[in-house]
Amino acid sequence: MSKVALVTGGMGGIGTAICRQLAQQGFKVATTYSRAGREQAWLDEQAAAGFTFHAYECDVSDYEACSKMAAQIRAELGEVDVLVNNAGITKDATFKRMDKTNWDAVIRTNLDSLFNVSKQFVDGMADRGWGRVINISSINGQKGQFGQTNYSAAKAGMHGFTMALAQEVAKKGVTVNTISPGYIATDMVMAVPEDVRNKIIAGIPAGRLGKPEEIAGLIGYLVSDVAGFMTGANLAINGGQHMC
Ligand code: CAA
Ligand code: NAP
């Protein structure tokens with residue numbers, strides 16, 4: 001029987017590529033969305049490309065909504081063996097202009113969500129003796145970014161979560177890893193003003209933005225059985241923009 005994978009924010013740029021990668025590797029793939037209305041169009045588009053996905057409405061910053069979503073997935077698809085914490089937002093502003101609303105929104109969606117979603121599934125993975133948790137952080141959690149005190153703090157915090165949880169579940173066959181992408185061509189990066197974005201691209205040694213598929217490819221490795229010894233890692237994919 002197929003294992004079940006859940007990708008939060010799977011209808012976004014990177015999320016869609018991850019869903020497709022996992023489906024190509026034989027997983028039954030579920031995803032979440034928080035803005036209702038466009039899910040059927042996305043599901044139809046994926047079906048036209050040959051992919052069958054299962055979509056669940058859930059705001060990952062809301063613990064109760066995550067419990068409800070987990071119960072629905074369990075009832076309809078079975079236990080979740082692979083969790084990709086991918087949902088995320090930006091609310092960029094210099095610290096001088098950063099208000100409490102934008103701070104809270106980014107911390108809740110990008111960091112609190114790791115607790116809210118992982119809590120639903122990790123015990124089950126450990127009990128069954130196999131599981132994969134992959135947290136999508138960012139280059140800006142590793143190096144910081146002008147205008148992103150909220151986002152950089154949340155994304156750095158994600159890797160702290162990864163390292164701690166990885167130690168707790170390592171003997172249970174569950175791996176927990178972080179991927180830290182650099183600038184990838186999705187709506188999130190296209191929302192950066194063009195002049196600012198062009199300056200950022202000029203600083204990437206590869207000379208271009210990354211592609212969502214280049215992130216999804218690494219997920220394909222991490223969920224495989226040969227990746228069982230890799231845990232607690234923070235894997236950078238950034239075209240050479242930041243090396244550590
Ligand atoms: N380093 C140093 N100084 C900088 C700077 C930088 N990186 N960026 C801007 N500044 C300076 C500007 O030159 C300007 O200086 P002066 O006042 O002397 O002219 C000053 O800071 C203000 O700059 P802006 O006019 O741009 O200020 P703003 O308030 O209009 O906008 C901002 C500020 C929102 C942070 C804007 O610069 C911005 O959007 N920056 C991009 C932030 C970014 O990289 N976001 C990534 C989003 S995608 C993502 O997050 C995905 C991922 O994980 C990679
Ligand atoms: P995107 O296209 O904007 O997708 C973001 C996804 O997150 C959307 O599907 C969105 O779904 C979902 N989401 C946002 N808030 C949510 C919430 N409260 N609850 C549930 N889902 C929510 O962005 P992306 O570029 O693919 O980013 C995916 C992840 O990669 C993010 O965590 C981002 O921080 C990270 N990342 C991106 C880049 C990059 O350069 N693009 C680089 C490094 C890291 P709804 O629209 O339905 O809310």
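In each ligand, atom 1 is the first atom listed, and ligand 1 is the first ligand listed.
Below 3.5 Å of separation, one finds no N or O of Thr90 facing any N or O of ligand 1. For a threshold of 3.5 Å applied to N or O pairs, the pair formed by Arg97 and ligand 1 contains at least one separation below that value.
For atom 15 (O) of ligand 1, the nearest protein heavy atom lies 4.0 Å or farther away. For atom 45 (N) of ligand 1, a protein heavy-atom neighbour is present inside the 4.0 Å cut-off. Protein heavy atoms are absent from the 4.0 Å sphere centred on atom 22 (C) of ligand 1. Per-atom contact check: atom 8 (N) of ligand 1 touches the protein, criterion being a heavy-atom distance below 4.0 Å. Distance check on atom 26 (O) of ligand 1: every protein heavy atom falls at or beyond the 4.0 Å cut-off. For atom 1 (N) of ligand 1, the nearest protein heavy atom is under 4.0 Å away. In this structure, atom 35 (C) of ligand 1 is in close contact with the protein, since a protein heavy atom lies within 4.0 Å of it. Within a 4.0 Å radius of atom 29 (O) of ligand 1, the protein contributes one or more non-hydrogen atoms.
Ile73 and Val60 end up in the same hydrophobic cluster when Ile, Leu, Val, Met, Phe, Trp and Tyr side chains are linked at under 4.5 Å. Hydrophobic clustering, with ILVMFWY side chains joined whenever heavy atoms are under 4.5 angstrom apart, groups Val4 together with Met69.
Here the straight-line distance linking atom OG of Ser61 with atom CD1 of Ile107 works out to 12.0 Å at 0.5 Å rounding. Rounded to the nearest 0.5 angstrom, Thr32 OG1 and Met11 CE are separated by 8.0 Å. Distance OG1/Thr31 to CH2/Trp42: 5.0 Å, rounded to 0.5 Å. In this structure, CD in Gln142 is found 4.0 Å from OG in Ser180, a value given to the nearest 0.5 Å. Atom CD1 of Ile14 sits about 12.0 Å away from atom SG of Cys19, to the nearest 0.5 Å. Distance check: Tyr221 OH to Ile134 CD1 gives 11.0 Å after rounding to the nearest 0.5 Å.
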Let me see the working for Glu79 and Lys28 under salt bridge (Lys or Arg N to Asp or Glu O under 4.0 Å), right down to the final yes or no. CA-CA 11 Å; Glu79 299 294 342; Lys28 214 186 285 179; over 6 Å; no
Set out, in order, the CA-CA distance, both residues' side-chain angles and the distance that settles side-chain contact (heavy atoms from CB on, under 4.5 Å) for Leu6 and Val82, then state yes or no. CA-CA 6 Å; Leu6 169 63; Val82 169; over 6 Å; no
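Residue contacts with ligand 1, taken as heavy atom pairs separated by less than 4.0 Å, involve Pro193 solely via side-chain atoms from C-beta onward. Heavy atoms of Ile184 found under 4.0 angstrom from ligand 1: none, in either backbone or side chain. The residue Lys155 has no part lying near ligand 1, judged by heavy-atom distances below 4.0 Å.
Defined by atom type and a distance below 3.5 Å, a donor-acceptor pair is missing between the side-chain atoms of Thr231 and Thr175. No side-chain N or O of Arg74 forms a donor-acceptor pair with one of Gln120 less than 3.5 Å apart.
The ring pair (Phe, Tyr, Trp, His ring centres under 6.0 Å) test applied to Phe146 returns no partner, not counting sequence neighbours. Remark: Tyr183 pairs with no residue by the ring pair (Phe, Tyr, Trp, His ring centres under 6.0 Å) rule, at least two apart or across chains.
Given atom 32 (C) of ligand 1, the protein heavy atom at minimum distance is Gly147 CA, 4.9 Å. Among protein heavy atoms, atom 51 (C) of ligand 1 sits closest to Tyr151 OH, 3.5 Å. In this structure, the protein non-hydrogen atom closest to atom 50 (O) of ligand 1 is Gln148 NE2, 2.9 Å. Counting protein heavy atoms only, atom 40 (N) of ligand 1 is closest to Val196 CG1, 3.5 Å. Nearest to atom 33 (C) of ligand 1 among the protein's heavy atoms is Thr94 CG2, 4.2 Å. Annotation: atom 42 (C) of ligand 1 to nearest protein heavy atom, Asp92 OD2, 3.5 Å. Protein heavy atom in closest approach to atom 11 (C) of ligand 1: Phe146 CZ, 3.7 Å.
No side-chain heavy atom of Trp130 sits less than 4.5 Å from a side-chain heavy atom of Lys172. Side chains of Asn140 and Lys155 form no contact here, defined as non-hydrogen atoms less than 4.5 Å apart.
In the vicinity of Ser138, heavy-atom distances shorter than 4.0 Å reach the ligand 1 atoms 52 (C), 53 (O), 54 (C). Close approach to Gln145 involves these atoms of ligand 1, each under 4.0 Å from a residue heavy atom: 42 (C), 43 (C), 44 (O). Atom numbering of ligand 1 starts at 1 in the shown order; those under 4.0 Å from a heavy atom of Asn140 are 54 (C). Contact atoms of ligand 1 toward Ile200: 44 (O) (distance under 4.0 Å to a heavy atom of the residue).
In the displayed structure, Lys143 atom NZ is contacted under 6.0 Å by more than 12 heavy atoms of other residues, nucleotides or ligands.
Judged as a side-chain hydrogen bond (donor to acceptor under 3.5 Å, both in side chains), the pairs with a partner in residues 103-113 (not counting sequence neighbours) are, in order, Lys100-Asp104.
Pocket lining of ligand 2, defined as residues with a non-hydrogen atom under 4.0 Å away: Gly9, Met11, Gly12, Gly13, Ile14, Tyr33, Ser34, Arg35, Arg38, Cys58, Asp59, Val60, Asn86, Ala87, Gly88, Ile89, Thr109, Ile136, Ser137, Ser138, Tyr151, Lys155, Pro181, Gly182, Tyr183, Ile184, Thr186, Met188, Val189.
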